[in-house]
There are 2 protein chains.
Amino acid sequence: MSADREVTIYDIAKYLNVSAATVSRGLKNNPMISKSTRRKIEDTAQLLGYQSNTFASSLRSRQTNTLGVLVPRLNSHFMSSAIAGMEDAANRHGYNLIIAQSLEDVEKEKRNAATMFNKRVDGLLISLSSNTQTIRHLEPFFKKKIPVVFFDRIHQHDESTAVGINNYEAAYNITKHLISQGCTKIMHLGGNVLRNVYQERLNGYQQALRDHHLPVKEKWHLTSHLSEQAGTDAARYILDLPVNKRPDAVFSANDTAAVYCMLALKDAGLRIPEDIAFAGFNNDPISRVIAPNLTTVEYPGESLGHTAATHLINHLKGISNLYNTNAITLRADLVIRDSSLKNKLQE
Amino acid sequence: MSADREVTIYDIAKYLNVSAATVSRGLKNNPMISKSTRRKIEDTAQLLGYQSNTFASSLRSRQTNTLGVLVPRLNSHFMSSAIAGMEDAANRHGYNLIIAQSLEDVEKEKRNAATMFNKRVDGLLISLSSNTQTIRHLEPFFKKKIPVVFFDRIHQHDESTAVGINNYEAAYNITKHLISQGCTKIMHLGGNVLRNVYQERLNGYQQALRDHHLPVKEKWHLTSHLSEQAGTDAARYILDLPVNKRPDAVFSANDTAAVYCMLALKDAGLRIPEDIAFAGFNNDPISRVIAPNLTTVEYPGESLGHTAATHLINHLKGISNLYNTNAITLRADLVIRDSSLKNKLQE
DNA sequence: CTTATTTTCGCAATCGGTTGCGTAAATATC
DNA sequence: GATATTTACGCAACCGATTGCGAAAATAAG
């Protein structure tokens with residue numbers, strides 16, 4: 001009854017006059033142990049209130065059933081959905097998640113990676129911070145053959161899988177859509193091109209312009225953190241242009257910037273989509289609240305997280321081999337809404 | 001150079017001709033070890049590429065530097081902000097977070113609690129699932145003196161602290177505000193009253209009505225999951241009422257339901273706030289995007305998470321004692337916006 | 001009733017740090 | 001210069017579960 005002393009397999013062993021080895025095996029349903037003693041062990045464990053000690057187990061067996069998750073920020077709709085998906089997949093297979101955020105700071109990312117390594121996570125799920133240049137800080141993982149899966153913000157690497165969408169294609173298609181609506185002066189609000197997602201969205205946007213013989217102007221490409229403020233600033237930028245030089249459409253690399261740009265332009269009296277059409281990216285909840293509803297790209301956070309985690313776990317369980325899979329690309333459909341439908345009346 | 005063999009303190013010890021005990025102490029900056037050998041140990045650790053093994057440490061020292069976080073859902077703005085705050089606080093003090101979600105299911109909450117216990121978290125941060133009745137599944141924590149901090153969805157308990165806001169007061173004040181705008185028929189969209197937050201908001205709403213001699217009608221109190229669908233359903237409910245029986249204001253226990261109710265009512269031609277005023281709860285991003293902007297209560301997720309985690313860590317470090325603190329109440333101010341300002345023109 | 005197999009289990013080493021206690025060396029005290 | 005303190009470190013026993021290998025017990029084969 002003493003509160004501090006832990007109940008161990010030795011207590012169960014003593015109680016049943018068997019060895020700790022037998023108890024250990026019995027608890028793990030090892031077929032080596034007879035059905036009857038296995039039952040007795042389980043019953044006694046229940047009776048004594050035994051709780052397995054994960055450390056002791058991890059120390060010896062060299063596996064933790066824990067996955068590390070390293071993200072730039074936790075509090076965005078996309079990211080929290082992705083993590084929800086991961087948690088669901090992990091939980092389903094008996095894994096736990098250790099989560100840390102880099103807050104877009106490489107140094108913190110490095111420290112967090114080191115911590116995860118020290119905690120001996122069985123695998124790592126990572127989305128890079130905006131200013132990460134190399135992934136040398138992940139070397140310890142590669143060296144020790146700890147599987148790494150990149151998601152969303154990817155880095156090409158031979159020994160890991162990248163889970164995401166075809167950003168190029170999505171951006172290309174949404175730009176094409178704007179062009180099909182009669183827009184010819186399309187501006188792009190982009191993120192740091194150090195990150196593949198923003199680089200690819202920029203590329204898709206530019207290629208669509210070129211393919212439709214529209215000019216690619218540097219003035220129409222604004223780079224920012226895609227924050228609310230960035231959206232508002234972009235609106236200011238547009239309003240400061242001479243009226244005849246203003247874009248007739250904006251494609252933003254996320255919904256937040258798009259929405260706050262729209263809000264400011266609406267305040268200034270511009271009509272959407274008549275004066276200026278809008279398209280975003282992510283299908284964030286705010287895109288369905290803004291008036292008019294924002295055309296965007298469905299970025300399936302939850303299933304992306306679920307897929308990434310499941311892929312990692314399958315590798316750990318030996319069901320599949322991660323090293324053979326270079327990339328997993330999820331479907332990311334266009335969600336056409338009123339913010340870009342200039343031809344609505346005609347149709 | 002063999003890839004599998006781990007570098008341990010014994011390797012460092014052998015390299016420097018000292019004992020492993022000295023290395024262990026040196027690595028932890030134990031003053032018992034001289035400055036010079038401490039430096040040598042650190043240098044050698046660096047040289048050999050030593051990475052501490054957390055399990056071995058946890059096994060012996062009986063502490064994991066890990067906090068368990070158990071929430072109903074990860075992917076809401078409030079919750080992901082709270083977790084971001086916790087992560088920040090934890091990281092600052094050398095703690096890690098293990099996160100799991102109950103998906104509003106008690107059984108999953110129980111299983112997750114057991115897992116966290118087995119993982120020997122140093123402390124637990126929990127927000128209850130909507131249908132949790134008792135907290136017997138947390139008994140192992142209390143018995144073993146593992147500190148538990150409730151946040152948001154609280155349960156009163158002698159040996160744990162509850163971190164949240166004064167829901168009663170906030171609801172009272174926001175209802176009072178609606179009354180001050182001339183509203184007399186105020187409807188309430190509430191959540192499951194099993195959870196304190198929804199019970200208290202309901203109480204505050206009702207008391208405000210009574211204090212202003214307004215009737216408290218059961219018909220004007222809808223209980224739901226406060227989802228988007230619930231908001232839309234509430235709108236349907238309102239529209240189905242005879243025009244002269246319709247409420248002239250809605251106070252929703254969250255912003256999501258409020259916003260989707262607004263959208264549906266606007267579609268039906270009702271004017272906000274002229275025909276029907278609106279107030280929500282949480283200050284979710286969508287509340288600043290909907291037109292007109294939604295009056296709401298600022299629920300500071302990030303600082304709430306930060307506070308809860310810091311409080312827990314301070315207890316663990318012996319800086320303060322959690323058992324002395326019954327509750328921590330954060331400020332939750334009203335955010336008055338256009339959705340409720342009927343007197344705007346007059347003012 | 002032997003001998004060969006299969007089942008079922010125990011022994012003991014191991015995983016990698018941590019820590020109470022003891023002691024030699026270094027420094028201080030008178 | 002002898003004794004009292006302080007400093008710096010080593011010894012060895014843990015922490016609690018896992019697992020290769022060997023062996024006893026139970027069952028099958030002849």
Side-chain angles (χ1 to χ4, degrees), chain A residues 2 4-42 44-45 48-66 94 115 117-122 140 144, chain B residues 2 4-42 44-45 48-66 94 115 117-120 122 144:
Chain A
S2 76
D4 27 0
R5 184 76 180 81
E6 299 226 6
V7 180
T8 72
I9 54 170
Y10 295 97
D11 298 322
I12 300 178
K14 200 172 297 172
Y15 188 93
L16 290 176
N17 272 319
V18 295
S19 74
T22 301
V23 175
S24 173
R25 293 189 175 107
L27 253 16
K28 290 175 57 194
N29 288 324
N30 187 319
M32 187 191 277
I33 307 300
S34 73
K35 202 83 181 168
S36 71
T37 46
R38 221 186 300 175
R39 258 201 71 76
K40 277 192 262 177
I41 289 170
E42 278 160 13
T44 312
L48 301 182
Y50 168 78
Q51 300 272 1
S52 81
N53 185 320
T54 322
F55 303 126
S57 169
S58 296
L59 176 57
R60 179 59 220 249
S61 65
R62 295 169 169 284
Q63 60 164 332
T64 61
N65 287 318
T66 299
T115 308
F117 187 85
N118 282 357
K119 292 246 172 183
R120 300 293 193 275
V121 294
D122 288 343
K144 219 180 146 202
Chain B
S2 75
D4 28 0
R5 185 77 179 79
E6 299 226 4
V7 180
T8 71
I9 54 170
Y10 293 97
D11 298 323
I12 300 178
K14 200 171 296 172
Y15 188 93
L16 291 176
N17 272 322
V18 295
S19 74
T22 301
V23 176
S24 173
R25 293 187 174 107
L27 252 15
K28 292 174 57 191
N29 289 323
N30 188 319
M32 188 192 275
I33 306 300
S34 75
K35 201 83 181 167
S36 70
T37 45
R38 221 185 301 175
R39 259 201 69 78
K40 277 192 263 178
I41 288 170
E42 278 159 14
T44 311
L48 301 182
Y50 169 78
Q51 300 271 3
S52 80
N53 185 320
T54 321
F55 304 127
S57 167
S58 295
L59 177 58
R60 179 62 220 248
S61 65
R62 295 171 168 286
Q63 59 165 335
T64 62
N65 287 317
T66 298
T115 308
F117 187 83
N118 281 358
K119 291 248 171 182
R120 301 293 194 276
D122 288 344
K144 217 180 148 201

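Atom set for the values below is all heavy atoms of this structure, side chains included, hydrogens, waters and symmetry mates excluded. Only a predicted model underlies this, so the values are computations on that prediction, with no experimental measurement involved. Below, chain A is the first sequence line, B the second, and so on; all start at residue 1.
- Between the side chain of B/Arg60 and the base of D/dC14 there is at least one donor-acceptor pair of N/O atoms closer than 3.5 Å.
- Counting distance only, with no hydrogens placed and no angle test, the side-chain atoms of A/Arg25 and the base atoms of D/dG20 include a donor-acceptor pair under 3.5 Å.
- Nearest nucleotide to the A/Ala21 side chain, out of C/dG16, D/dT19, C/dG17: D/dT19.
- Between the CD1 atom of A/Ile9 and the P atom of C/dC11 there is a distance of 13 Å, given to the nearest Å.
- Counting distance only, with no hydrogens placed and no angle test, the side-chain atoms of B/Tyr10 and the base atoms of C/dG16 include no donor-acceptor pair under 3.5 Å.
- Judged by distance alone, with hydrogens and angles left aside, B/Arg62 brings no side-chain donor or acceptor close enough to the base of C/dG17 to form a pair under 3.5 Å.
- Picking from D/dG16, C/dT19, D/dT19 the nucleotide with the shortest atom distance to the side chain of B/Leu59 gives D/dG16.
- Checking the phosphate oxygens (OP1, OP2) of C/dC9, a side-chain nitrogen or oxygen of A/Ser34 falls inside 4.0 Å.
- Defining each end axis of the helix from C/dT5-D/dA26 to C/dA26-D/dT5 as the rotation carrying four pairs' C1' atoms onto the next four, with five pairs an end, the two axes are found to diverge by 50° to 10 degrees.
- Considering only side-chain N and O atoms, A/Lys28 lies under 4.0 angstrom from the phosphate OP1 or OP2 of D/dT19.
- Here the nucleotide nearest the side chain of A/Ser57, chosen from C/dG17, D/dA17, D/dT19, is D/dA17.
- At a threshold of 4.5 Å between non-hydrogen side-chain atoms, the residues B/Arg38 and B/Asn29 count as touching.
- For A/Thr22 and C/dC9, the shortest distance from a side-chain N or O to OP1 or OP2 is not below 4.0 Å.
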